[in-house]
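Report on one structure; see the data block that follows.
In the text below, chain A, chain B and the rest are named by the order of the sequence lines, each starting its count at 1.
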Amino acid sequence: MSAEGLSSSSDFIRAIITEDVRAGKFGGRVHTRFPPEPNGHLHIGHAKSMCLNFGVAEEFHGLCNLRFDDTNPTTEHMDYVRSIQEDVRWLGFDWGDRLFYASDYFEQLYQYAVKLIRKGKAYVDSLSAEEIRAFRGTLTEPGKESPYRTRSIEENLDLFARMRAGEFPDGAHVLRAKIDMASPNINLRDPTLYRIRHVSHYRTGAAWCIYPTYDFAHPLSDSIEGITHSLCTLEFEDHRPLYDWILDECEVACHSRQIEFARLNLSYTVMSKRKLIQLVDGGYVRGWDDPRLPTLKGLRRRGYTPEAIRAFCDRIGVAKRDSIIEMAQLEHAIREDLNQRAPRAMAVLRPLRLVIENYPEDRVEELEAVNNPEDPKMGVRPIPFSRVLYIEQDDFREVPPPKFFRLSPGKEVRLRYAYIVKCVDVIKDPHTGNPVEVRCTYDPETRSGLPQANRKVKATIHWVSAAHAVPAEIRLYGPLFTKANPAEDDDKDFLKWLNPRSLEIVNSARIEPRLAQAQPGSRYQFERLGYFFVDPDSTDERVVFNQTVALRDAWAKIEKSPNK
RNA sequence: UGGGGGAUCGUCUAGGGGUAAGACAUCAGACUUUGGAUCUGAGAACCCAGGUUCGAUUCCUGGUCCCCCAGCCA
């Protein structure tokens with residue numbers, strides 16, 4: 001059973017919203033938002049958030065906004081907002097005409113700050129950053145009040161206006177909420193609302209030199225947009241009292257409800273923006289769209305479909321406990337999707353010559369291959385067959401281990417969509433002893449479609465015709481890290497768990513001829529190998545495939561098993 | 001050791017005072033011209049200790065362990 005129907009599975013957030021709607025809160029309205037900061041690229045953790053926010057909105061007949069949370073001009077760029085919009089659309093979500101920016105609210109936010117000052121609920125502090133930190137106290141000791149905390153409202157108003165006017169250098173003053181320096185919740189010890197930053201903002205340019213912090217801007221942005229349920233991750237849980245304080249003290253019309261859920265972690269990878277940046281900037285991967293990365297751009301280039309990612313997100317659920325989802329869960333989602341829609345093809349990664357001794361030298365047959373056994377509508381295609389073929393090196397063993405069903409001396413296998421062949425001889429490299437050519441005979445009565453074709457053999461292997469196949473580059477991927485949770489012990493040291501074999505480039509591959517025209521962005525199943533995505537690096541001369549995911553491999557398990 | 005959260009199969013996620021469900025993974029079998037897919041089956045869990053109760057994994061009390069917070073990041 002697949003995704004549809006399961007997507008509306010209940011979780012604690014949907015339960016809360018259902019109850020709110022039932023109780024008539026917000027007039028029964030449901031309005032969410034997806035609020036990325038344009039300082040990095042989206043990853044699959046954001047996909048979880050989007051599926052939740054857009055999904056909830058749709059299920060409750062509400063709306064979901066796309067809002068750029070761009071209150072920190074030092075790290076944010078227009079390039080990121082473009083990239084993020086592209087990724088959101090690619091995943092299949094639509095914000096309609098509700099594209100917003102926190103920076104659009106700067107004037108309103110400023111007026112709210114003035115309101116707070118007038119109410120005596122905010123003040124301009126002139127302590128240095130270090131002093132503020134020292135005054136904040138510790139987890140177990142209360143903080144001390146700033147000597148500037150008692151400034152008059154008039155002085156605060158004047159100073160704040162002059163902060164805006166650019167009269168002070170960075171760091172000279174900040175605007176702080178006046179809450180409680182002794183609060184056991186450190187977020188309530190007079191949090192900073194505004195800081196001075198003489199830098200140009202990618203959208204507002206030089207219009208401002210003071211910028212609101214997240215804690216101030218976020219609840220108010222939610223309120224301005226009429227957001228009813230503000231869904232965020234667990235680390236904001238103890239900001240919620242501050243979120244509510246801001247909305248209460250600003251006396252807004254719409255007081256959104258913040259609900260926190262656990263962020264997504266995936267095994268054998270990292271998800272934090274900081275770590276992803278380290279991987280990209282450090283050159284450990286080839287860029288933000290490196291197929292080994294859990295970024296949306298990386299997954300897309302790896303060959304993941306939006307449908308598979310959404311099905312995955314639906315299935316993993318939403319809860320509050322920290323967890324690490326096994327990569328197998330994601331891989332299952334893409335296999336399930338691609339099994340239905342990816343056309344099949346024949347490709348040999350590590351070729352071994354196979355010569356059919358009793359097949360005429362100059363003969364070429366066009367055999368018929370099914371494009372997708374899961375979907376007859378996808379039709380058939382011709383594939384050329386001739387005397388000299390390539391098969392996979394792994395499909396031949398001179399001395400077959402137990403349970404090895406493939407080709408070995410004296411044994412028969414079926415060549416997919418062709419004939420049954422029998423191995424009659426092996427030619428080996430005189431130096432290495434490795435097989436370099438397998439000599440076979442074929443049974444002409446066993447061609448696919450013929451009555452004798454039904455003869456049972458233990459295995460069917462794939463092949464390409466040596467004279468017709470074309471070379472290709474195939475990129476194989478393994479986990480980026482060798483440790484399930486590379487961030488576990490030491491944040492800085494996660495790089496030591498990098499998998500040196502996360503990328504393997506196979507240049508020896510031979511693919512069936514029609515694949516020479518494969519279009520970048522298209523997906524295929526290479527029979528018996530896995531799903532592959534045509535990389536944008538492909539040229540007219542050479543197609544480049546990324547392995548999306550391997551097929552499940554029962555033989556590999558048997559071979560690995562200690563007691564086979 | 002201040003505050004805020006969280007503990008259910010290997011991994012996720014439901015449930016709920018009375019047989020603890022599903023998914024992924026694993027194992028076994030069937031089927032198969034992909035050792036794929038599909039189908040069938042199996043094993044596999046309520047953090048601990050008291051208490052209330054006919055009955056607790058659920059309620060109560062007390063512990064234990066894990067995560068987050070001392071940015072003018074979000």
Quick check: any donor-acceptor pair below 3.5 Å linking the side-chain of [X] to the base of [N]?
| X | N | answer |
| --- | --- | --- |
| A:Thr140 | B:U1 | no |
| A:Glu374 | B:U38 | no |
| A:Arg552 | B:G35 | no |
| A:Glu237 | B:G3 | no |
| A:Asp238 | B:G3 | yes |
| A:Glu326 | B:G10 | yes |
| A:Arg315 | B:U13 | no |

[X], nearest nucleotide to its side chain (from [options]):
| X | options | result |
| --- | --- | --- |
| A:Arg414 | B:A70, B:U34, B:U33 | B:U33 |
| A:Lys320 | B:U26, B:A74, B:G6 | B:G6 |
| A:Leu234 | B:G5, B:A70, B:G35 | B:G5 |
| A:Glu235 | B:C68, B:U34, B:G35 | B:C68 |
| A:Asp322 | B:C67, B:U26, B:A23 | B:C67 |

Using a 4.0 Å heavy-atom cut-off across all strands, classify [X] as base, sugar-phosphate, or nothing.
| X | value |
| --- | --- |
| A:Thr138 | base |
| A:Phe68 | nothing |
| A:Ala129 | base |
| A:Arg321 | base |
| A:Ala453 | base |
| A:Val318 | sugar-phosphate |

Please confirm whether the shortest side-chain N or O distance from [X] to OP1 or OP2 of [N] is below 4.0 Å.
| X | N | answer |
| --- | --- | --- |
| A:Arg136 | B:G71 | yes |
| A:Arg528 | B:G35 | yes |
| A:Lys456 | B:U33 | yes |
| A:His462 | B:U34 | no |

Acceptor/donor pairs from residues 217-224 of chain A side chains to any protein atom, 3.5 angstrom cut, sequence neighbours excluded:
{"residue": "A:His218", "atom": "ND1", "partner": "A:Asp69", "partner atom": "OD2", "Å": "2.8"}
{"residue": "A:His218", "atom": "NE2", "partner": "A:Arg33", "partner atom": "NH1", "Å": "2.6"}
{"residue": "A:Ser221", "atom": "OG", "partner": "A:Ala217", "partner atom": "O", "Å": "2.7"}
{"residue": "A:Asp222", "atom": "OD1", "partner": "A:Arg67", "partner atom": "NH1", "Å": "3.3"}
{"residue": "A:Asp222", "atom": "OD1", "partner": "A:Arg67", "partner atom": "NH2", "Å": "2.6"}
{"residue": "A:Asp222", "atom": "OD2", "partner": "A:Ser230", "partner atom": "OG", "Å": "2.6"}
{"residue": "A:Asp222", "atom": "OD2", "partner": "A:Tyr243", "partner atom": "OH", "Å": "2.7"}
{"residue": "A:Ser223", "atom": "OG", "partner": "A:Cys254", "partner atom": "O", "Å": "2.8"}

- Message: Can you list, in residue-number order, the parts of residues 174-195 of chain A that come under 4.0 Å of RNA chain B, counting heavy atoms only?
- Response: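 Going residue by residue through residues 174-195 of chain A, the ones with a heavy atom under 4.0 Å of RNA chain B turn out to be A:Val174, A:Pro184, A:Ile186, A:Thr192, A:Arg195.
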- Message: With nearest nucleotide decided by heavy atoms, which residue, A:Gln340 or A:Arg197, maps closer to the 5′ end of RNA chain B?
- Response: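 Result: A:Gln340.
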- Message: Heavy-atom nearest nucleotide on RNA chain B for A:Gly137 versus A:His239: which residue maps closer to 5'?
- Response: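 Its nucleotide being nearer the 5' end, the pick is A:Gly137.
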- Now, which nucleotide makes the Watson-Crick or G-U wobble pair with B:G36, with each of the two distances under 3.5 Å?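 Partner of B:G36: none found under 3.5 Å.
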- Task: Would you classify B:G36 as syn or anti? Syn applies when the glycosidic angle is within 90° of 0.
- Result: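 Classified anti.
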- C1'-based separation of B:G29 from B:C54 [nearest Å]: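 My reading of the C1' atoms in B:C54 and B:G29 gives 44 Å.
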